[in-house]
Amino acid sequence: FGFPTADGSGSVDLTPNGKLLFVVNAGDNSISSFQITASGPKLVSHVSSHGKLPISIASAGDVLYTVNETSANIYGWHFSSTGKLTPIAGSKQKLTAVTPKGKKTYVGVTAGIGFVDNGSVVAVTERGLPRKYGEIDTFVISKSGAAAPAQAFATPNIDNVFGFSSFGNHLLVSNAGYVATPSGAAPNPADFTQFTGSAATYSVSPSGKVK
């Protein structure tokens with residue numbers, strides 16, 4: 001929505017071993033990495049997000065990716081055992097969107113980013129308000145860590161896909177949903193009675209196809 005806040009899911013990422021922490025900084029369009037020490041987090045890298053309004057971040061292996069809301073793009077880095085970030089050539093890719101019938105349309109409001117299938121695919125969720133469907137973009141990740149162009153998949157009859165977790169080649173997605181107002185206008189985000197949550201699962205192939 002253009003706010004200098006992380007209006008999404010996954011603005012902080014901790015590696016499985018608990019030794020490295022990555023954070024989006026929506027206020028200055030940057031990413032910070034920290035090494036977790038006995039005396040607390042130690043800042044290691046503070047780098048540009050290569051876009052505007054980073055809202056979500058995720059890691060797998062030694063690869064880190066973020067999604068930038070306002071500029072509608074992703075970007076990636078390799079990170080060392082101490083958390084030093086090194087940009088990945090070919091990692092910057094634009095988001096895209098399609099209607100349930102496959103026609104290209106405008107990109108919605110980005111919600112979250114994450115890895116699928118042991119880091120071979122990056123997925124991004126997009127809320128489609130006031131459309132009655134959301135979007136999932138996928139990017140196949142090469143051995144070098146670079147991302148292939150986005151593939152867009154609409155989620156018919158599932159409103160405002162938001163945060164998600166992955167297990168194997170599956171996504172478990174939470175959906176904000178919404179109830180149309182009597183006037184037909186978009187619902188008021190401050191009125192929680194106008195939103196109906198749900199969950200959905202999807203499978204993602206190694207080629208990035210969602211079903």
Of the non-hydrogen atoms in [X] and [Y], which two are nearest, and what is the gap between them?
X	Y	result
Ala89	Ala146	O-CB, 3.5 Å
Ala152	Ala97	CB-CA, 3.8 Å
Pro54	Ala26	O-CB, 3.7 Å
Ser33	Gly83	OG-O, 2.7 Å
Ala147	Phe139	CB-CB, 4.1 Å
Leu171	Ala123	CD1-CB, 4.2 Å

State plainly whether one hydrophobic cluster holds both [X] and [Y], where clusters connect Ile, Leu, Val, Met, Phe, Trp and Tyr through side-chain heavy atoms under 4.5 angstrom apart.
X	Y	answer
Leu20	Leu85	yes
Trp77	Val67	no
Tyr65	Ile31	no
Val107	Val161	no
Leu64	Leu14	no

Is there side-chain contact between [X] and [Y], with at least one heavy-atom pair below 4.5 Å?
X	Y	value
Arg131	Thr105	yes
Ile57	Val12	no
Leu95	Ile74	yes
Asn68	Leu53	no
Ile158	Tyr133	no

Check whether [X] reaches the backbone of [Y] with its side chain - one donor and one acceptor, N or O, closer than 3.5 Å.
X	Y	answer
Thr201	Leu172	no
Thr99	Lys103	yes
Thr66	Ser56	yes
Thr138	Gly208	yes
Glu135	Val98	yes
Thr155	Gly134	yes
Asn17	Lys19	yes
Gln151	Ser207	yes
Asp13	Val23	no
Ser9	Phe162	no

Exercise for review: Output, in order, the C-alpha distance, side-chain angles, deciding distance and verdict of side chain to side chain contact (heavy atoms under 4.5 Å, CB included) for Ile88 and Val63.
Suggested key: CA-CA 9 Å; Ile88 297 175; Val63 174; 4.1 Å; yes

With no hydrogens and no angle check, do the side chains of [X] and [Y] hold a donor and an acceptor under 3.5 Å apart?
X	Y	answer
Asn29	Ser49	no
His78	Thr86	no
Asn169	Ser203	no
Thr96	Asp137	no

Check your understanding: If you count the non-hydrogen atoms of other residues, nucleotides and ligands that lie under 6.0 Å from CG in Asp28, is the total more than 12?
Key ->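 Check passes, neighbour count above 12.
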
Check your understanding: So does Lys209 have more than 12 non-hydrogen atoms from other groups sitting under 6.0 Å from NZ?
Key ->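 Check fails, neighbour count at 12 or below.
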
Practice item. Hey, could you give me the CG/OG distance between Leu43 and Ser32, rounded to the nearest 0.5 Å? Key: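 Taking CG in Leu43 and OG in Ser32, the distance rounds to 5.5 Å.
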
Point to revise | Spatial distance of atom CG (Asn73) from atom NZ (Lys52) [nearest 0.5 Å] | key: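 With rounding to 0.5 Å, CG (Asn73) is 11.0 Å from NZ (Lys52).
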
Exercise for review: Determine which pairs satisfy ring-ring contact (aromatic ring centres under 6.0 Å, His included) with at least one residue from residues 22-41, sequence neighbours left out, and list them in order.
Suggested key: Phe22-Phe79

Study note, to complete from the structure: Residues passing the side chain to side chain contact (heavy atoms under 4.5 Å, CB included) test with Lys84, sequence neighbours excluded, are Val44, Ser45, Ser80, Thr82

Hey, can you pull the donor-acceptor pairs under 3.5 Å for the side chains in residues 109-120, sequence neighbours left out?
from: Thr110; atom 1: OG1; to: Glu69; atom 2: OE1; distance (Å): 3.1
from: Asp117; atom 1: OD2; to: Ser120; atom 2: OG; distance (Å): 3.1
from: Ser120; atom 1: OG; to: Asp117; atom 2: O; distance (Å): 3.0

Review point. Between Phe167 and His170, how do the two ring planes meet: parallel, tilted or perpendicular, split at 30° and 60°?
Key: parallel

